[in-house]
Amino acid sequence: MKLNWQKALFLILRLGFGILLIIASVDKLFHPQGFAVAVDNYRVVGEGLSRWVAIWIPYLEAITGLFLIIGLWLDAAVLINAILMLVFLALVSQAWARGLDITCGCFAVEGDTPIGLWKILENLGFLLGAVFLFLLSQKQKKE
Amino acid sequence: MVLIGAGSLILGFIANQMLSGGIKWPVLALAFPWTGSDADVEKITCDSTFFMLDDLCVVDVRPEEEYNIDHIPGAVSLPFLTLYDSPEMIDSWNRTQTLVLYCFKPTCKETMMMSDKLKRMGFKNILVLQEGFAGWLEREYPVALGEGL
């Protein structure tokens with residue numbers, strides 16, 4: 001019973017994060033220049049590197065999401081998912097701490113949610129879920 | 001994991017070169033230090049430009065939003081990104097006229113790369129504004145206000 005519960009939760013989290021990542025990537029895939037501006041707004045990397053981030057991250061999200069859904073290279077996909085959630089939380093938190101009046105750019109290039117406490121809590125929730133998924137995947141490997 | 005990361009970057013790079021509205025290589029290259037030689041680029045001072053304004057074709061390579069706020073009187077807006085996306089838009093330009101390119105800062109990679117690109121498109125006389133638009137404003141030369149105001 002315990003094993004089935006864990007397997008079910010693993011599947012739900014895997015599919016959930018897979019769909020989340022793909023949805024998050026769609027608008028950014030088709031509007032890379034706008035996404036580059038959104039990345040630059042975080043004032044972490046310069047304008048030049050923001051463009052490289054903008055052409056990379058949407059594809060990383062889409063491919064990771066796809067692999068989570070179809071179950072290919074799961075170890076890597078689960079780990080990348082956790083790293084992405086950690087990085088997003090760090091970026092949003094530092095933007096809020098610095099008082100940057102910007103939108104998240106998480107799910108849409110324009111008109112996305114502004115940075116604030118709720119966005120931080122949301123990202124924290126995603127990170128906890130991603131870490132839990134990672135721990136479950138490690139447990140699945142041992143069995 | 002490295003394979004997924006590297007593969008995503010390569011896929012993203014290729015897709016952006018092929019899609020309209022994608023971020024093209026010349027713009028991505030701005031992230032790297034300028035490898036061309038400054039000696040290959042002829043410069044002109046703000047003072048000379050001001051006195052010869054009627055004889056020059058001044059080109060503003062900044063994004064259109066910045067041009068729309070203010071610019072050198074008579075300057076044409078030709079953002080760096082626009083030239084690479086739509087080079088055909090300057091097909092009718094006179095290749096023998098003297099062009100003066102400027103961005104905001106005294107030296108910027110956009111004007112250097114633009115100068116390269118225009119030379120390869122057949123333009124003979126290209127100068128870069130030595131002090132940039134910042135220098136023009138410092139000297140309190142007249143500016144034209146754009147549609148942004």
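All heavy atoms count here, side chains included; hydrogens, waters and symmetry mates do not. For clarity, every value in this text was computed on a predicted model and none was experimentally measured. Letters go in sequence order (proteins before strands), and every chain restarts at 1.
Within residues 128-138 of chain B, no residue has any heavy atom closer than 4.5 Å to a heavy atom of chain A.
Hydrophobic cluster membership is shared by V53(A) and V87(A), with clusters built from Ile, Leu, Val, Met, Phe, Trp and Tyr side chains linked at under 4.5 angstrom. The cluster map of Ile, Leu, Val, Met, Phe, Trp and Tyr, joined by side-chain heavy atoms under 4.5 Å apart, puts V37(A) and I69(B) in different clusters. If you chain together hydrophobic residues whose side chains sit under 4.5 Å apart, V2(B) and W56(A) never meet in one group. Connection of I12(A) to L133(A) is not established within any shared hydrophobic cluster, with ILVMFWY side chains joined at heavy-atom distances below 4.5 Å, either directly or through further cluster members. Put simply, L91(A) and W118(A) are part of two different groups of oily side chains (I, L, V, M, F, W, Y) that touch within less than 4.5 Å, one to the next.
Looking at L19(B), the atoms closer than 4.5 Å to chain A (heavy atoms on both sides) all sit in the side chain, from C-beta outward. Neither the backbone nor the side chain of A62(A) comes within contact range of chain B; no heavy atom of the residue lies under 4.5 Å from a heavy atom of that chain. Looking at I10(B), there are no atoms closer than 4.5 Å to chain A (heavy atoms on both sides), in backbone or side chain. Only the side chain of I83(A) comes within contact range of chain B, with at least one heavy atom under 4.5 Å from a heavy atom of that chain. Looking at F67(A), only its side chain comes within 4.5 Å of chain B, counting heavy atoms on both sides.
Among all heavy-atom pairs drawn from A77(A) and I4(B), the shortest one is N-CD1, 4.4 Å. In plain terms, the two heavy atoms of G5(B) and L60(A) that are nearest each other are CA-CD1, 4.0 Å. Closest heavy-atom contact between G22(B) and P32(A): CA-CG, 3.9 Å.
Of the inter-residue distances, the one linking S8(B) atom OG with I80(A) atom CD1 reads 6.5 Å to the nearest 0.5 angstrom. With rounding to the nearest 0.5 angstrom, the OH atom of Y59(A) is 10.0 Å from the CD1 atom of I14(B). Distance check: R51(A) CZ to N16(B) CG gives 12.0 Å after rounding to the nearest 0.5 Å.
The neighbour count for K105(B) NZ, taken as heavy atoms of other residues, nucleotides or ligands under 6.0 Å away, does not exceed 12. Annotation: N94(B), atom CG; neighbour count of heavy atoms from other residues, nucleotides and ligands within 6.0 Å is above 12. No more than 12 heavy atoms of other residues, nucleotides or ligands sit less than 6.0 Å from atom NZ of K124(B).
Using cut-offs of 30° and 60° for the angle between ring planes, the W52(A) and F13(B) rings count as parallel.
No other option in I55(A), V45(A), L49(A), I63(A) has as many heavy-atom pairs under 4.5 Å with chain B as I55(A).
Here the side chains of M1(B) and D75(A) are not in contact, with every heavy-atom distance at 4.5 Å or above.
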